[in-house]
Amino acid sequence: MSDLSNGAIADALDELGDLYELDGAVVHRVLAYRNAAKAVRDAPLSVAQLTRDGAVTTLPGIGATLAQKITDLLDSGDIPAAIKLRERYPEGLLAITALPGLGPKRARRLFDELGIDSPAALRAAADAQRIRTLKGFGAKGEAAIIAALEAGGAERPRTRVVLDRALAIADVIATALAEIAPTAQIEIAGSARRRADSVKDLDIVVDHASLLDDLGGLEVIETASRTSASAARGRTHTGMTVELRAVAPEQFGNLLQHLTGSGAHNAALRERAVRAGLHISEYGVLDDATGVTHHCVSEAEVYALAGLPYIEPELRENRGEIETAASGTLPRLIELSDIRGDLHAHTTASDGRASIEEMALAARERGHEYLAITDHSATHGFGDDVSPEQLRRQIELVHEADAAIEGIRLLAGSEVNILPDGAPDYEDALLAELDWVIASVHTSFALDGDAMTERMCRAAGHPLIDAIGHPTGRLIERRPPYELDIEALIAACASTRTMLEINSNPDRRDLNEVHARAAAAAGAAILVNSDAHSTERLGAMRYGIWTARRAWLTAADVANTLPWAELAARLKRPR
DNA sequence: GCCGTTTTCGGCCCGACTGTTTTCAGTCG
């Protein structure tokens with residue numbers, strides 16, 4: 001039987017926080033639950049296991065009370081306090097608090113005074129003009145509620161945009177603004193700058209206020225308006241919100257740091273600063289001792305005033321980076337230029353668009369020393385499968401191309417399917433002829449967690465499988481990971497010297513940053529691969545690198561920063 | 001509810017915006 005996942009525990013804590021908030025608890029108590037939920041969600045270890053070991057209070061923000069609540073959850077499947085509060089506050093009330101402008105306080109008044117317990121009841125009351133009779137709610141508020149309900153705010157969370165689409169638009173906007181004001185400083189901020197999997201909107205910081213009036217004229221912008229003397233907001237034709245903020249050059253670092261976030265990072269940074277008598281805001285750093293507000297041209301100055309070294313945007317998620325920075329032990333994060341080769345790429349032999357030669361030349365152009373050709377295997381289907389006979393021919397073709405093309409080592413590989421029983425879909429004798437084998441799940445996603453975990457651990461134990469590709473199968477914003485005990489897989493890979501991939505396809509980025517950090521901590525070797533299906537997509541590698549950086553990885557944690565000869569020597573079957 | 005190179009108690013980031021307000025609470029990022 002598998003334990004509750006960190007995500008499930010975090011969801012339970014978030015729900016309890018929401019319920020306490022409806023119940024009128026002091027905000028700091030509610031915040032404590034939110035912080036604890038985040039700590040659990042970001043934890044690189046099994047929180048269930050930590051709890052059973054009596055060590056869960058080592059996580060930041062989890063004390064004796066929350067440890068007991070997590071223990072109750074693991075023992076009985078629920079938290080007693082949550083059961084009690086759910087009886088008092090109907091589920092529909094939480095849906096109401098999801099509407100813009102309606103928080104817990106106002107939702108409670110609607111519930112207490114008008115008996116409104118669902119979005120439908122809210123709509124009926126608004127239509128009957130009963131809401132405006134409440135103190136604090138006017139006709140305007142009533143109209144805003146109707147508008148929010150009609151926008152569907154209570155049913156579906158707003159969709160987020162996957163990072164590559166967001167960056168593509170951000171680059172177009174930044175380039176267009178730079179053409180208008182060539183001397184302006186223009187920076188993308190927000191979660192896009194932190195290289196998160198997806199973003200809600202785009203934040204852009206400029207030091208030329210005149211640019212605020214140019215936003216609406218850009219080709220990618222559908223509508224735009226000034227929202228204040230220093231800000232403009234636009235909407236792209238794709239429906240994404242763009243916030244443009246202008247600031248004086250001497251305060252550029254303050255605003256960029258503020259808008260890059262994350263919110264949790266900034267809150268933790270500011271709490272630390274307060275203990276030193278400093279107040280950090282988007283406008284400057286106020287020193288209590290002198291009464292002086294320091295302006296910062298660069299972010300590095302903001303951190304320096306707080307007594308810290310510069311912290312890379314990818315680390316700013318309040319996952320321990322502030323404490324680690326304070327102790328002077330931040331890792332030197334991996335960079336794209338550290339990568340020496342790519343061990344996952346497709347050609348026209350399966351579902352790729354380019355030939356072996358085209359992929360080889362494009363990889364060489366990118367500075368790679370080696371490239372593994374890993375087309376799909378015998379059972380792939382969709383007409384993309386490579387029969388054993390075709391694979392034998394492909395091996396010859398790859399070796400011929402390797403001999404013919406100077407400056408890059410080509411490896412004859414395959415991306416084999418992991419069958420539901422954990423076996424690869426080629427005979428071992430054929431696998432043994434390959435230079436490189438990466439194994440992935442492409443079928444039977446719906447196995448239960450135990451079966452999927454056994455399937456993948458068995459694959460990791462296969463002597464001829466070198467690496468596991470896109471280990472959780474998730475597609476960002478589209479498909480959740482399949483049921484899998486990722487820690488068990490990581491342990492299996494570490495003990496069998498099977499490498500784990502960070503797949504760089506921007507829709508995958510799989511392993512994600514939390515799992516990649518856990519894998520490196522467990523001693524498993526990580527790969528960052530493009531999974532390119534065309535020459536251009538070899539460039540997707542940067543997304544995997546960003547995930548690796550968000551996982552705190554250094555070049556030493558990633559195997560394909562090594563020359564091929566050194567990497568090959570570390571494989572379970574040295575070649 | 002958590003936490004401590006000012007604290008085991010008394011704090012807990014900062015500011016903008018909104019609407020309904022004669023001075024502010026609630027919400028949001």
Side-chain angles (χ1 to χ4, degrees), chain A residues 13-14 16-17 19-40 56-70 79 81 96-110 131-145 147-148 153 158 189-191 194 199-203 227-231 233 241 243 245 247 251 254-255 257-286 288-289 293 302 306-307 318 322-323 326-327:
Chain A
L13 296 180
D14 267 330
L16 188 50
L19 287 166
Y20 275 132
E21 191 174 35
L22 272 176
D23 200 42
V26 294
V27 291
H28 301 111
R29 189 162 160 227
V30 176
L31 200 61
Y33 278 88
R34 303 252 156 88
N35 286 337
K38 180 177 150 42
V40 168
V56 75
T57 55
T58 58
L59 290 177
I62 298 197
T65 305
L66 275 160
Q68 184 57 52
K69 291 201 155 70
I70 296 172
I79 303 173
I96 288 174
T97 64
L99 288 166
L102 283 182
K105 296 284 198 299
R106 284 157 66 85
R108 254 309 280 284
R109 302 218 16 237
L110 292 168
I131 290 173
R132 65 179 65 183
T133 64
L134 251 56
K135 198 165 182 294
F137 291 81
K140 255 188 181 171
E142 200 170 73
I145 285 171
R158 280 188 50 203
S191 47
R194 301 198 311 277
V199 308
K200 186 163 67 66
D201 50 28
L202 277 180
D203 295 293
T227 48
S228 77
S230 62
R233 177 178 302 142
T241 301
E243 304 272 357
R245 291 280 299 268
V247 65
Q251 290 169 291
N254 299 109
L255 186 61
Q257 195 282 326
H258 171 73
L259 286 180
T260 297
S262 63
H265 171 86
N266 283 351
L269 177 68
R270 290 165 179 192
E271 279 173 31
R272 180 188 153 81
V274 165
R275 293 198 287 276
L278 299 166
H279 303 273
I280 300 175
S281 79
E282 63 197 278
Y283 301 107
V285 180
L286 168 63
D288 281 339
T293 297
V302 178
N318 196 27
I322 292 171
E323 297 80 356
S327 67

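Proteins get letters first, then strands, A, B, ... in listed order; numbering begins at 1 in each.
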Participant: Given that A:K105 and A:T65 both sit by DNA chain B, which one's nearest nucleotide is further toward the 5' end?
Facilitator: A:T65

Participant: To the nearest Å, give me how far apart CG (A:L99) and C1' (B:dC28) are.
Facilitator: 14 Å

Participant: Taking atom P of B:dG1 as reference, at what distance in whole Å does atom OH of A:Y33 sit?
Facilitator: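 Going from OH in A:Y33 over to P in B:dG1 covers 4 Å.
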
Participant: Give each protein N/O atom lying under 3.5 Å from an N/O atom of nucleotides 7-12 of chain B, with the pair distance.
Facilitator:
residue, atom, partner, partner atom, Å
B:dC12, N4, A:H28, ND1, 3.3

Participant: State the pairing partner of B:dT8; accept Watson-Crick or G-U wobble contacts with both distances under 3.5 Å, and report none otherwise.
Facilitator: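 Across any shown strand, B:dT8 pairs with none.
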
Participant: Check the distance between B:dG29's P and A:R270's CZ and give it to me in whole angstrom.
Facilitator: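 Checked: the CZ to P distance equals 16 Å.
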
Participant: Is B:dT20 syn or is it anti, if syn means the base angle is within 90 degrees of 0?
Facilitator: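 For B:dT20, whose glycosidic angle is more than 90° from 0, the conformation is anti.
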
Participant: Provide the distance between the two C1' atoms, one in B:dT21 and one in B:dT27, to the nearest whole Å.
Facilitator: 16 Å

Participant: Could you work out, with ring-ring contact (aromatic ring centres under 6.0 Å, His included) as the rule, every residue matching A:F137, not counting sequence neighbours?
Facilitator: none

Participant: Within this structure, what is the CD1-CZ distance for the pair A:I131 and A:R109, rounded to the nearest 0.5 Å?
Facilitator: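 Taking CD1 in A:I131 and CZ in A:R109, the distance rounds to 11.5 Å.
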
Participant: Please measure how far the P atom in B:dT7 lies from the corresponding atom in B:dC12, and state the result in whole Å.
Facilitator: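 Approximately 16 Å lies between the P atom of B:dT7 and that of B:dC12.
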
Participant: Look up atom CD1 in A:I280 and atom CG in A:L269, then write down how far apart they are to the nearest 0.5 Å.
Facilitator: 4.0 Å

Participant: Heavy-atom distance under 4.5 Å between the side chains of A:L59 and A:L66, does that happen here?
Facilitator: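 No, side chains not in contact.
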
Participant: By the 4.0 Å heavy-atom rule, please label A:L259 as base, sugar-phosphate, or nothing.
Facilitator: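 Answer is nothing: A:L259 stays at 4.0 Å or more from every strand.
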
Participant: When the P atoms of B:dG26 and B:dT20 are considered, how many whole Å apart are they?
Facilitator: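 Those two atoms are separated by 15 Å.
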
Participant: Listed by chain and number, what are the side-chain contact (heavy atoms from CB on, under 4.5 Å) partners of A:H279, not counting sequence neighbours?
Facilitator: A:V274, A:L286, A:D288

Participant: Provide, to the nearest angstrom, the distance between the CZ atom belonging to A:R29 and the P atom belonging to B:dC2.
Facilitator: 10 Å

Participant: Let me know the distance between CZ of A:R108 and P of B:dG26, rounded to the nearest Å.
Facilitator: 12 Å

Participant: When you compare B:dG10 with B:dG15, how far apart are their C1' atoms, in angstrom units rounded to a whole number?
Facilitator: 24 Å

Participant: With A:S262, which residues qualify under side-chain contact (heavy atoms from CB on, under 4.5 Å), at least two apart?
Facilitator: A:R194, A:A264, A:H265, A:E317

Participant: Send over the distance from A:R272 CZ to B:dC14 P, rounded to a whole Å.
Facilitator: 15 Å

Participant: Using the 3.5 Å cut-off, write out each protein N or O paired with an N or O of nucleotides 16-21 of chain B and the distance between them.
Facilitator:
residue, atom, partner, partner atom, Å
B:dA16, OP1, A:Y283, OH, 3.3
B:dT20, OP1, A:G138, N, 2.4

Participant: Would you call A:R233 and A:T241 a side-chain contact if the rule is heavy atoms closer than 4.5 Å?
Facilitator: yes

Participant: State, yes or no, whether a side-chain contact exists between A:N266 and A:T260 at a heavy-atom distance under 4.5 Å.
Facilitator: no

Participant: With DNA chain B as reference, determine whether A:G263 or A:R106 sits nearer its 5' end, using the nearest nucleotide of each.
Facilitator: A:G263

Participant: Distance between the C1' atoms of B:dT8 and B:dC2, in whole angstroms?
Facilitator: 12 Å

Participant: Looking only at side-chain atoms of A:H258, point me to the closest of B:dT27, B:dG29, B:dG1.
Facilitator: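 The closest nucleotide is B:dG29.
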
Participant: Starting at atom CD of A:E243, determine the distance to atom C1' of B:dC28, rounded to an integer number of angstrom.
Facilitator: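 Going from A:E243 (CD) to B:dC28 (C1'), I get 12 Å.
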
Participant: How about A:I62 and A:I70: do any of their side-chain heavy atoms sit closer than 4.5 Å?
Facilitator: yes

Participant: Could you pull out the closest heavy-atom pair between A:L22 and A:A107, with the gap in Å?
Facilitator: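 That closest heavy-atom pairing would be CD2-CB, 4.5 Å.
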
Participant: Under the side-chain contact (heavy atoms from CB on, under 4.5 Å) test, which residues partner A:R34, sequence neighbours left out?
Facilitator: A:D14, A:D18, A:E21, A:V30

Participant: At under 4.0 Å between heavy atoms, what does A:A25 touch on the DNA or RNA strands: base, sugar-phosphate, or nothing?
Facilitator: nothing

Participant: Between atom CZ in A:R34 and atom C1' in B:dT27, what is the gap in whole Å?
Facilitator: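 Answer to the nearest Å: 12 Å.
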
Participant: Could you work out the separation of B:dT5 and B:dG1 based on their C1' atoms and round it to a whole Å?
Facilitator: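 Their C1' atoms lie roughly 24 Å apart.
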
Participant: Starting the side chain at C-beta, find the nucleotide from B:dC14, B:dT27, B:dG1 nearest to A:L66.
Facilitator: B:dG1

